[in-house]
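Starting from 1, each residue takes its place in the sequence as its number. Just so it is clear, the values below take in all heavy atoms, side chains as well, and ignore hydrogens, waters and symmetry mates. Keep in mind that this is a model prediction, so the values were computed, not measured.
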Amino acid sequence: MARPEKPLPEVSDPQIDAARWMRGLRDRAGLTNRQLARQLRVSESTISRAMAGRGSNGLIRLLFAITFMCDGSIEESQDLMARLSRRRRAHLQQPIEGILGCDPDLITTPAELIRGMRILRIHAGQPSLAELKRRSPNRALAPTTINEILLGQRLPSALVLARFVIACGVVSPESDRWARAWQRVMFSQLQSGWKSKAPFARMIRFQLVEMEADVGSAFAGPFKEAHEEINGHLAGPSEPD
């Protein structure tokens with residue numbers, strides 16, 4: 001028999017507020033921590049910690065997944081994620097660059113993602129498009145593609161963003177934050193009725209798997225997970241390959 005869940009303290013704290021909000025979504029959906037853990041493919045202790053308001057990194061990651069699974073408000077979820085990110089960075093005594101800066105934890109819209117990529121390129125020394133291609137795995141970052149993205153004419157796929165952050169010198173675990181930023185942006189697009197093309201999406205998944213051989217699963221894994229999560233919801237159940 002599971003232990004009774006301890007009540008959360010009546011304090012104003014981003015982690016406690018996030019835990020209280022996730023408990024509400026869980027209870028409204030009629031799920032248990034064990035069921036959530038099974039569906040999200042994490043340990044039950046991870047869910048229990050999040051529901052107790054412990055572990056800011058885990059909270060930010062689970063907020064997105066539980067919001068989608070339990071049909072929560074994306075606006076409330078984004079507000080909670082931003083508050084958690086600010087609290088964590090303040091605790092680490094890191095500068096908060098704000099929603100228009102290059103903090104990937106605060107990116108939630110297409111415009112913010114593109115602006116963040118532009119600033120990331122500046123931080124990398126403003127390399128030319130040709131230099132970005134040279135720095136990317138297998139020189140696979142097409143200058144035309146990245147130019148259109150930085151001009152705001154299109155959004156990057158998970159694969160292109162992974163190649164771009166590598167070319168800008170970002171390494172794991174910092175790169176994980178960019179994978180989650182891409183996931184949040186694609187989620188906002190989904191809310192607006194955007195659909196992906198399943199065959200193209202599957203091709204990107206395979207390319208991300210191949211990328212692991214060059215950069216390792218610690219880097220490529222979060223981008224692959226973000227891509228598969230979004231593609232699964234946009235394109236429906238995957239067809240047999």
Fill in: Close side-chain approach of Ile166 and Met211, heavy atoms under 4.5 Å
yes
Discussion item. Just verifying a value: how many Å separate Gln35 CD and Arg26 CZ, rounded to the nearest 0.5 Å?
Written reply: 10.5 Å
Practice prompt. Grab the two heavy atoms, one from Ala19 and one from Gly53, that are nearest each other, plus how far apart they are.
Written response: CB-N, 3.5 Å
Worksheet item: Would you find a donor on one side and an acceptor on the other, under 3.5 Å apart, between the side chain of Arg163 and the backbone of Pro137?
Response: no
Worksheet item: In Å and rounded to the nearest 0.5 Å, what is the CZ to CD1 distance from Arg115 to Ile119?
Response: 4.5 Å
Worksheet item: Of all residues at least two apart in sequence or in a different chain, which pass the salt bridge (charged side-chain N to carboxylate O under 4.0 Å, His left out) check with Arg121?
Response: none
Practice prompt. For residues Cys168 and Leu132, report the shortest heavy-atom separation together with the two atoms involved.
Written response: SG-CD2, 4.1 Å
Worksheet item: Do Asp176 and Arg180 have side-chain heavy atoms sitting under 4.5 Å apart?
Response: yes
Practice prompt. Rounded to the nearest 0.5 Å, what's the gap from CD1 on Ile146 to CG on Leu141? Could you check?
Written response: 5.0 Å
Worksheet entry | side chain to side chain contact (heavy atoms under 4.5 Å, CB included) partners for Leu40, two or more places apart | Val42, Ile47, Leu62, Ala65, Ile66, Met69
Response to the item:
Residues passing the side chain to side chain contact (heavy atoms under 4.5 Å, CB included) test with Thr145, sequence neighbours excluded, are Ala142, Ile149, Arg154, Val160
Item to complete: Could you tell me the separation between the OG atom of Ser43 and the CZ atom of Arg38, rounded to the nearest 0.5 Å?
Response: 13.0 Å
Practice prompt. Using the test side chain to side chain contact (heavy atoms under 4.5 Å, CB included), find all partners of Glu131 that sit at least two apart in sequence or belong to another chain.
Written response: Pro127, Ser128, Arg134, Arg135
Worksheet entry | With sequence neighbours excluded, residues passing side-chain hydrogen bond (donor to acceptor under 3.5 Å, both in side chains) with Glu225 | Arg61
Discussion item. Among residues at least two apart in sequence or on other chains, which ones pass side chain to side chain contact (heavy atoms under 4.5 Å, CB included) with Ala29?
Written reply: Leu31, Cys70
Item to complete: Kindly say whether Pro156 contributes a backbone atom to a donor-acceptor pair with the side chain of Trp182 at under 3.5 angstrom?
Response: yes
Discussion item. Applying side-chain hydrogen bond (donor to acceptor under 3.5 Å, both in side chains), can you list everything that pairs with Arg34, at least two apart in sequence or on another chain?
Written reply: Glu44
Worksheet entry | Test side-chain hydrogen bond (donor to acceptor under 3.5 Å, both in side chains) applied to Ser77 - qualifying residues, sequence neighbours left out | Thr67
Worksheet item: With side chains defined as the heavy atoms from C-beta onward, is the minimum distance between Leu113 and Pro104 less than 4.5 Å?
Response: no
Discussion item. Between Glu112 and Arg184, does the salt bridge (Lys or Arg N to Asp or Glu O under 4.0 Å) criterion hold? Intermediate values first, please.
Written reply: CA-CA 11 Å; Glu112 291 162 5; Arg184 288 193 299 274; over 6 Å; no
Discussion item. To the nearest 0.5 Å, what is the distance between NE2 on His227 and CG on Leu159?
Written reply: 9.0 Å
Fill in: Main-chain N/O of Met51 paired to Arg23 side chain as donor or acceptor, under 3.5 Å
yes
Practice prompt. Tell me, with the steps shown, if Val170 and Phe164 meet side-chain contact (heavy atoms from CB on, under 4.5 Å).
Written response: CA-CA 9 Å; Val170 178; Phe164 179 80; over 6 Å; no
Worksheet item: Does any non-hydrogen side-chain atom of Leu25 lie less than 4.5 Å from one of Asp71?
Response: no
Worksheet item: How far apart are the C-alpha atoms of Leu161 and Met117, what are their side-chain angles, what is the distance that settles it, and do they pass the side-chain contact (heavy atoms from CB on, under 4.5 Å) test?
Response: CA-CA 9 Å; Leu161 182 60; Met117 292 175 67; 3.9 Å; yes
Worksheet item: Listed by chain and number, what are the salt bridge (charged side-chain N to carboxylate O under 4.0 Å, His left out) partners of Asp17, not counting sequence neighbours?
Response: Arg20, Arg83
Discussion item. If you define the side chain from C-beta out and look only at heavy atoms, does anything of Pro110 sit under 4.5 Å from Val185?
Written reply: yes
Worksheet entry | ring pair (Phe, Tyr, Trp, His ring centres under 6.0 Å) partners of Phe219, counting only residues at least two apart | Phe223
Discussion item. So, taking the atom named CG in Leu106 and the one named CZ in Arg177, what distance separates them when rounded to the nearest 0.5 Å?
Written reply: 8.0 Å
Discussion item. According to side-chain hydrogen bond (donor to acceptor under 3.5 Å, both in side chains), who are the partners of Asn138, at least two apart in sequence or on a separate chain?
Written reply: Asp214
